[in-house]
Amino acid sequence: MSTHSHPLTANVPPSLIDCFGDLPDPRVERTKFHRLIDIVVIGFCATLAGGEGFNDMEEFGKSKESWFRTFLELPNGIPSHDTFNRVFQALAPKAFCDCFLRWTEGLRTAFSGEIVAIDGKALRRALNKGDELPVIVNAWATDNGIVLGQMKVFKKSNEITVIPELLRALNLDGCIVTIDAMGCQKEIAREIIDADADYVLALKGNQGLAHEEIKSYLDDTISRWRKCPTSTPGLDFYETEEKGHGRIETRRFWQSSDVDWFTDRNKWEKLQSFGAVESIRDIGGVVTTERRYYLLSLPRGVQTFAKASRQHWGVENKVHWILDVVFKEDQSRAREGHAAQNLATLRRLALNSLKKEKSKRSMRLKVKRAGWNDDYLLEVLGINPA
């Protein structure tokens, strides 16, 4: 059973200061010229308004110093860019992420069967010569539209080492967790079930014989279904079609509850069905077809499977694209100490804050407004000035 102690809530979320006020300070006493919470809040506000680094944090703080003094102490004024740099290099990423998790849980609303997509994103410029490429593994709650948590690894091939740790840090009760083929591992399936959640795991050649067996079984079953649907009573089917900009994409979903034949079925915790997704893309008359295969702990219910597999790939547009295009994550060169991971956390804090703000503005306009309008920025932060 899950041991998580923070239930999903629809209450008014705590403010940033409430959640980050007890963040452990990595500095020795004689160097604490500025309060840690002041540094974190100014850094976050600058990021929220489109700031891209430590110089931007200092400049943003100085341009709004009188406003910041309405709710921050600032005993020695606005920190310098060097101070922001040193502090975010030194902050323990786990402690910073724990505060992030606590604050995010306060934003979260309960949705039955919410899809939580686990996916990695490389920090392409946050490395020194000869270093391995750092990757941030995100957990994206699709119905809430927020990043629930993140962890850093080096190289995408190492994602499987941190996914269990990330899963244990989250409240996943009643959710459906989706992971691409890299995370299709028996241990990860067990962690998801232990968290009182279900899984939809993409299956590729990294599972060797299991992939070939399930692919062969589903291909044969789908072939028989096409000839005579009544000959495959354990198979469900669903189809969607999207058109736009000279592109037609048809997706066909099949889900089979016939798993008893699978030799390894008992090695995959609570395995209940197999799935296949066939994507047919027609772009200017050029047609391509791709079929993917899945392991599911879900019983038959092909529209639920379709929703889970489709929403997983939405993380590219709804998280990765915004982080790169709006918050310029792919251009960030912060790399010393823990700076890259901590700034990645700030950007996800900003993304969550703006996602939960209910206006119909685009993300780009929300970022602009946060920089221009102090009342709007306070609304997004959930901070009440003294």
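On a predicted model such as this, the values are computed, not experimentally measured, just so you know. Heads up: numbering here begins at 1 and tracks the sequence.
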Pair Glu269, Lys186 - check salt bridge (charged side-chain N to carboxylate O under 4.0 Å, His left out), show working.
CA-CA 7 Å; Glu269 194 78 12; Lys186 298 178 182 71; over 6 Å; no
What verdict does the side-chain contact (heavy atoms from CB on, under 4.5 Å) test give for Val277 and Tyr293, after you've listed the backbone C-alpha separation in whole Å, the side-chain angles of each residue and the deciding distance to 0.1 Å?
CA-CA 7 Å; Val277 180; Tyr293 305 89; over 6 Å; no
Output, in order, the C-alpha distance, side-chain angles, deciding distance and verdict of salt bridge (charged side-chain N to carboxylate O under 4.0 Å, His left out) for Glu29 and Lys32.
CA-CA 5 Å; Glu29 199 62 38; Lys32 295 180 181 179; 3.2 Å; yes
Evaluate side-chain contact (heavy atoms from CB on, under 4.5 Å) for Tyr199 paired with Ile176, printing each intermediate quantity in order.
CA-CA 5 Å; Tyr199 58 78; Ile176 299 171; over 6 Å; no
With salt bridge (charged side-chain N to carboxylate O under 4.0 Å, His left out) as the criterion, how do Arg102 and Asp18 come out once you've worked through the C-alpha distance, each side chain's angles and the decisive distance to 0.1 Å?
CA-CA 10 Å; Arg102 185 163 62 248; Asp18 293 333; over 6 Å; no
Full working for salt bridge (charged side-chain N to carboxylate O under 4.0 Å, His left out) between Asp220 and Arg224
CA-CA 6 Å; Asp220 179 66; Arg224 287 188 287 108; 3.3 Å; yes
Determine, stepwise, if the pair Ile118 / Asn138 fulfils side-chain contact (heavy atoms from CB on, under 4.5 Å).
CA-CA 6 Å; Ile118 308 291; Asn138 302 297; over 6 Å; no
For side-chain contact (heavy atoms from CB on, under 4.5 Å), just list the numbers for Leu295 and Ile214, CA-CA rounded to whole Å, side-chain angles, deciding distance to a tenth of an Å, and then say yes or no.
CA-CA 9 Å; Leu295 299 174; Ile214 293 169; 3.4 Å; yes
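We find the CD1-NZ distance between Ile222 and Lys227 to be 13.0 Å, quoted to the nearest 0.5 Å. For the atom pair CG (Asp143) and NZ (Lys307), the distance works out to 4.5 Å, reported to the nearest 0.5 Å.
Closest of all the heavy-atom pairs between Cys45 and Leu381 is SG-CD1, 3.5 Å. Contact detail for Ser257 and Ser273: the closest heavy-atom pair is CA-CB, 4.2 Å. Minimum interatomic distance between Gly183 and Ile188 (heavy atoms only, all atoms of both residues): O-CD1, 3.4 Å. Residues Phe84 and Gly43 share a closest heavy-atom pair of CE2-N, 4.0 Å. Between Asn342 and Pro93 the shortest heavy-atom distance is OD1-CA, 3.5 Å. The two atoms that bring Pro24 and Leu36 nearest to each other are O-CD2, 3.8 Å, heavy atoms only.
Neither side chain, Arg364 nor Ser362, offers a donor N or O lying under 3.5 Å from an acceptor on the other. Inspection of the Glu59 and Asn55 side chains reveals no N or O donor paired with an N or O acceptor under 3.5 Å. Tyr294 and Gln255 form no side-chain donor-acceptor contact under 3.5 Å, judged by distance and modelled atom types alone.
Through direct or indirect side-chain contacts shorter than 4.5 Å among Ile, Leu, Val, Met, Phe, Trp and Tyr, Ile280 is connected to Val287.
The hydrophobic clustering, which links ILVMFWY residues whose side-chain heavy atoms are closer than 4.5 Å, places Leu351 and Val135 together. Cluster annotation: Val200 is not connected to Met182 through the hydrophobic network of ILVMFWY side chains, with a link wherever side-chain heavy atoms come within less than 4.5 Å. Val319 and Trp313 end up in different hydrophobic clusters when Ile, Leu, Val, Met, Phe, Trp and Tyr side chains are linked at under 4.5 Å. Note: the hydrophobic cluster containing Leu74 also contains Phe60 (ILVMFWY, side chain heavy atoms under 4.5 Å, direct or indirect links). Linking ILVMFWY side-chain heavy atoms closer than 4.5 Å, directly or via other members, places Leu296 and Ile163 in two distinct hydrophobic clusters.
The closest side-chain heavy-atom distance from Ile115 to Cys175 is not below 4.5 Å. Ile37 is not listed as a side-chain neighbour of Leu23, based on a closest heavy-atom distance of 4.5 Å or more. Two residues are said to be in side-chain contact when any heavy atoms from C-beta on lie closer than 4.5 Å; Lys366 and Ser359 meet this criterion.
By the salt bridge (charged side-chain N to carboxylate O under 4.0 Å, His left out) test, Asp282 is found to be paired with no residue, residues two or more places apart in sequence or in another chain being considered. Partners of Arg292 under the salt bridge (charged side-chain N to carboxylate O under 4.0 Å, His left out) rule, at least two apart in sequence or in another chain, are Glu290. For Glu52, there are no salt bridge (charged side-chain N to carboxylate O under 4.0 Å, His left out) partners at least two apart in sequence or on another chain.
Open room surrounds NZ on Lys318; 12 or fewer heavy atoms of other groups in view lie less than 6.0 Å from it.
Applying the ring-ring contact (aromatic ring centres under 6.0 Å, His included) rule to pairs touching residues 255-278 yields Tyr217-Trp261, Trp261-Phe274, Phe262-Phe274, sequence neighbours excluded. Every pair passing salt bridge (charged side-chain N to carboxylate O under 4.0 Å, His left out) that includes a residue from residues 251-260 is listed here, sequence neighbours excluded: Glu239-Arg252, Glu242-Arg251, Glu249-Arg251, Arg252-Glu278.
Note on Glu65 versus Lys62: no salt bridge recorded, every NZ/NE/NH1/NH2 to OD/OE distance being 4.0 Å or above. Between Arg190 and Asp194 no salt bridge is recorded (no basic side-chain N to carboxylate O distance below 4.0 Å). Salt-bridge formation is not detected for the pair Asp25/Arg35: no Lys NZ or Arg NE/NH1/NH2 atom is positioned less than 4.0 Å from an Asp or Glu carboxylate oxygen.
Ser332 places no side-chain N or O within 3.5 Å of a backbone atom of Lys328 that could act as its donor or acceptor partner.
With Phe253 as the aromatic partner, Arg310 does not meet the cation-pi criteria of under 6.0 angstrom to the ring centre and within 45 degrees of the ring axis. Remark: Arg347 fails to qualify as a cation-pi partner of Phe327 under the 6.0 Å distance and 45° angle criteria applied to the six-membered ring.
Taking the six-membered ring for Trp, Phe71 and Trp67 have ring centres closer than 6.0 Å.
By the 30° and 60° cut-offs, the orientation of the rings of Phe88 relative to Phe54 is parallel.
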